[in-house]
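Report on the following structure.
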There are 2 protein chains.
Amino acid sequence: MAPTLAVSTVIFALRPDERSSAAVGTRPQLWLPLVVRLRDPFDGRWALPGGPLREDEGLADAASRTLLETTGLRPNYLEQLYAFGDADRPGAEHGRVVSVVYWAMIGAEEAHLATTGQNVRWLAADRLPDLAFDHNRIVDYALWRLRTKVEYSRIAHAFLGETFTLRELREVHEVVLGKPVDPANFRRQVEASGAVVPTGQVRTGGRHRPAQLYRYDTAIEPVDLGPLAPEPQKSPTSTEETP
Amino acid sequence: MAPTLAVSTVIFALRPDERSSAAVGTRPQLWLPLVVRLRDPFDGRWALPGGPLREDEGLADAASRTLLETTGLRPNYLEQLYAFGDADRPGAEHGRVVSVVYWAMIGAEEAHLATTGQNVRWLAADRLPDLAFDHNRIVDYALWRLRTKVEYSRIAHAFLGETFTLRELREVHEVVLGKPVDPANFRRQVEASGAVVPTGQVRTGGRHRPAQLYRYDTAIEPVDLGPLAPEPQKSPTSTEETP
DNA sequence: CCAAAAGTGTTCGCATTACACCCATGT
DNA sequence: ACATGGGTGTAATGCGAACACTTTTGG
């Protein structure tokens, strides 16, 4: 029998730490939505959102659809993670499945609008129970990819809203990397990258100097995708090279 | 109808440049084996080696098998590249296919032992014709991955034999990156990485000082795979961490 | 002796790091 | 006033790029 093809998605969002019952000094944390399985194998266990690939639907489309169905949201960033298809994957006794897994980042505003359906629950990424199949391993890999990519790319803003302060952006780095980041050096690096432009607006409210609000420069690709990058659209406003 | 699942492999080897009819000063070049298609779609065009995934066979196993069947060789390095499954992939009219693509590196000794079957031919990677399906794009992506990975990993030796001189290793970098590399700095960087150990042997023959032969230190992983790295085998000689 | 590549030493510039310091706001 | 984070300045460090230089072989 030919292996079944499925698409799953590891969905990350930054949410306030609800573990310590709203104590002071709570940093946000990485959360991800999981779905409870209603049949064997792994009946009753938590699993990544996903399902079979529909006809006339691309792999990334399937990931987006799954994401929308389980959370009601659209991601700020979506990337293929890996195709898992070993013959000895856990659960293969009930039918062999090849899973193409994507991972996604959800913005701050969207994150707390998420519809948590009956079978869906958000869990803290660093305190997951035993998941169905090899999904713990998959989440570990997605976390690793998120961390390495935050270090050398400009994707951290995908956890935030349209505008954000450099403190907020730095906090994303700190939470993802799990270590403090020097504010002064972080500011200079981000500014030097040119990936971010000041809006002129400021965010007040703290008992301190208001912080400049920035917006991500959409002219800059957050990640170097190489030849997988989509063909540049021939819009009249696009910057052409040697016309 | 459910999409078919196939596994293809982009196989790279370094071979002497045969284009300039054995002229002097010929640098080696990147070559890859392709298979001619014998039916529609793309009848008569060159395509990547591959085929359907067999039952009870892992994805990487299928890639290895394909590689063995088309070249008679086993790779020094094999890595999953990407899963291509857009609904509008070229050739989808004749049945939708989701391709999990791997890429591989072949050693120097093996490379010229390759059996070139009736339907197989090696072509220079930088002068490919129009291939079947979206295989040009796939090869471009594999080349990009090879280049970026050579820059930050220690995989270049996979194009060479058991032992090699630093000049040979440097030449791999130069061919792959397409630019000259400073011999002095290259030597120091490689030595500092500890990825390579001198054998005590030297290679003579040139009209110059003999070069030290090195061997790759198998205790060092060539690439940081993160959580995808295979579980360390509990061999008695393995280095355990705080038992 | 000479050509050619192996191998060593040294300097320069740049990016990252660490940390001291001033600025602006709410209480 | 002062606590708090926003924002700037600057010296120390490390690393890679560039390149001069010595060494050892084959012819």
Side-chain angles (χ1 to χ4, degrees), chain A residues 16 23-28 147-148 150-154 156-157 160 163-215 224, chain B residues 16 24-28 147-148 150-154 156-157 160 163-215:
Chain A
V24 287
T26 53
R27 299 218 140 211
R147 292 197 183 102
T148 53
V150 158
E151 279 187 322
Y152 72 83
S153 298
R154 312 288 168 186
H157 71 277
L160 302 173
T163 63
F164 46 86
T165 67
L166 288 189
R167 169 172 184 70
E168 290 164 345
L169 189 62
R170 178 167 55 88
E171 192 161 51
V172 173
H173 277 79
E174 291 184 334
V175 169
V176 169
L177 301 181
K179 66 178 183 187
V181 174
D182 185 287
N185 298 328
F186 181 78
R187 163 179 302 274
R188 272 182 293 250
Q189 283 172 13
V190 171
E191 281 174 344
S193 79
V196 104
V197 287
T199 62
Q201 310 274 73
V202 291
R203 173 159 299 171
T204 56
R207 334 189 299 190
H208 52 76
R209 177 171 171 181
Q212 181 72 239
L213 278 172
Y214 290 81
R215 178 186 310 279
D224 183 5
Chain B
V24 286
T26 52
R27 299 218 141 212
R147 292 198 183 102
T148 54
V150 158
E151 279 187 321
Y152 72 83
S153 298
R154 313 288 169 185
H157 71 278
L160 302 172
T163 62
F164 47 85
T165 67
L166 288 189
R167 168 169 185 73
E168 289 163 346
L169 189 62
R170 177 167 56 89
E171 192 162 51
V172 173
H173 278 79
E174 291 184 333
V175 169
V176 169
L177 302 180
K179 66 179 183 186
V181 174
D182 185 287
N185 298 328
F186 181 78
R187 164 180 300 274
R188 271 182 294 251
Q189 284 171 14
V190 171
E191 280 174 345
S193 78
V196 105
V197 287
T199 62
Q201 310 275 73
V202 291
R203 173 159 300 171
T204 56
R207 333 189 300 188
H208 52 76
R209 177 170 169 180
Q212 181 71 237
L213 278 171
Y214 290 81
R215 179 186 310 279

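Letters go in sequence order (proteins before strands), and every chain restarts at 1.
Atom CZ in R170(B) sits about 6 Å away from atom P in dA6(C), given to the nearest Å. Following rounding to the nearest Å, E191(A) (CD) and dA15(C) (P) show an atom-to-atom distance of 15 Å. Between the NZ atom of K179(B) and the C1' atom of dG16(D) there is a distance of 12 Å, given to the nearest Å. Atom CZ in F186(A) sits about 17 Å away from atom C1' in dA15(C), given to the nearest Å. Straight-line distance from the CZ atom of R203(A) to the P atom of dT25(C): 16 Å, rounded to whole Å. Computed from coordinates, the H173(A) NE2 to dT16(C) P distance equals 12 Å when rounded to whole Å.
Here the straight-line distance linking atom CD of Q201(B) with atom CD of Q212(B) works out to 8.5 Å at 0.5 Å rounding. To the nearest 0.5 Å, the span separating OG1 on T163(A) from OH on Y214(A) amounts to 12.5 Å.
Annotation: side chain of R203(B) is in contact with side chain of E168(B) (closest heavy-atom distance under 4.5 Å). Between L213(A) and V202(A), every side-chain heavy-atom pair lies at or beyond the 4.5 Å cut-off.
Taking 3.5 Å as the limit, the base of dT25(C) and the side chain of R207(A) contain no donor-acceptor pair of atoms between them. At a cut-off of 3.5 angstrom, the base of dG7(D) holds no donor-acceptor pair with the side chain of R167(A). You'll find a donor-acceptor pair under 3.5 Å spanning the side chain of R188(A) and the base of dG9(D), going by distance alone.
Where A184(A) and H208(A) meet DNA chain D, the nucleotide closest to each residue was compared, and H208(A) sits on the side nearer the 5' end.
Set against dG7(C), dT25(C), dT25(D), the side chain of Q212(B) has dG7(C) as its closest nucleotide. Closest contact between the side chain of D182(B) and the listed nucleotides dT8(C), dG7(C), dA18(D) involves dA18(D). With dA6(C), dT17(C), dA18(D) as the choices, the nucleotide that has an atom nearest any side-chain atom of N185(A) turns out to be dT17(C).
Judged by distance alone, the side chain of E191(A) and the main-chain N or O of R188(A) form no donor-acceptor pair under 3.5 Å.
Distances shorter than 4.0 Å separate some side-chain N or O of R187(A) from OP1 or OP2 on dG7(D). Distances shorter than 4.0 Å separate some side-chain N or O of Q189(B) from OP1 or OP2 on dA17(D).
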